[in-house]
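Notes to accompany the following structure.
Note that this is a predicted model, so its numbers are computed, not measured.
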Amino acid sequence: MAGKTTDRKKTKDKGPISEASDNAATFTLPDSLPCSEIEFPVLIKRVNKANWNLIVKEREKELQEIEDSRESKIEPIIKQPFLRTETDYIKDQVFVYLIPALEETLNKAKIWEALKIQKCFFNGIDNIAQFLWNNNPRYPDRMSRKSHLFNMPWVRKQLQEKPRPYYPKSWLWPEDYAATLIQKTVRQYFVQREDDVQEMRDFWRKLKIEQNLPEMETNPFLAKKFASLQTFHKNN
């Protein structure tokens, strides 16, 4: 007797291969991935050999830092008033205020391009005078006001007595003539500093004074005192 066939569907168990294929079919790439999940390729750099010059420079820099640190810990020796020289005065009293003024003037000159443009509105001498006036430690109230140079009382008075020319000389002189004049002034200064030149200049000054003083011939004490002067200035 033949058996009856049934319409019952035969079910099969799903294995791991079929589940993986189903997951692959439904997987979609995300729009973006966090950097922590991305494996970037690593570039292998070749290690260069040691540069001896670079090693020497680094060592010198380290030694200089050590020396600067050692000098900063040393307390400065205060000299007695009779041992102080002109160099100490310029270093302690002048350069402390002049160097910041020069630094600010150079920075403003770069901004105004005063070193490239001849007819520039910026004036370095005016800026130095304005900076020193406003930052005078004897008058701390000026630091808060920051007055302009042409608003200062002494400048207004000076300009009323001796007004400036309409065009400054830096606008009128060509570069070659200005360079020649600067070199001439510098050479003249160094020549006049020599001892023999100073002696000759003092001689002519004394001779001019003697000619304008008739009592020099009748007063021997005045003549002796005048002759004993080692140096002679114009205001004497």
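- Taking every heavy atom of both residues into account, Met143 and Asn136 meet most closely at CE-O, 4.3 Å.
- Pairing each heavy atom of Gln192 with each of Gln198, the nearest pair is O-NE2, 2.6 Å.
- A salt bridge between Lys61 and Glu58 is absent, with no side-chain N of the basic residue lying under 4.0 Å from a carboxylate O of the acidic one.
- Between Lys91 and Asp88, no side-chain nitrogen of the basic residue sits less than 4.0 Å from a carboxylate oxygen of the acidic one, so the salt-bridge criterion is not met.
- The aromatic rings of Phe121 and Trp112 sit tilted relative to each other, their planes meeting at an angle between 30° and 60°.
- Ion pairing between a basic and an acidic side chain is recognised when a charged N comes within 4.0 Å of a carboxylate O; Arg59 and Glu62 show such pairing.
- Under the rule for a side-chain contact (heavy atoms from CB on, under 4.5 Å), the partners of Asp126 that lie at least two apart in sequence or sit in another chain are Asn123, Leu149, Phe150, Arg164.
- Using the six-membered ring where Trp is involved, Trp171 and Tyr167 have ring planes that are tilted, between 30° and 60° apart.
- The NZ atom of Lys184 sits 10.0 Å away from the OG1 atom of Thr180 when rounded to the nearest 0.5 Å.
- No path of Ile, Leu, Val, Met, Phe, Trp and Tyr side chains, each step under 4.5 Å between heavy atoms, connects Trp133 with Tyr139, placing them in separate hydrophobic clusters.
- Annotation for Leu132 and Ala101: closest pair CD2-CB, 4.1 Å, computed over non-hydrogen atoms.
- Glu103 and Asn107 are not linked by any side-chain donor-acceptor pair at a separation below 3.5 angstrom, with hydrogens and angles left out of the test.
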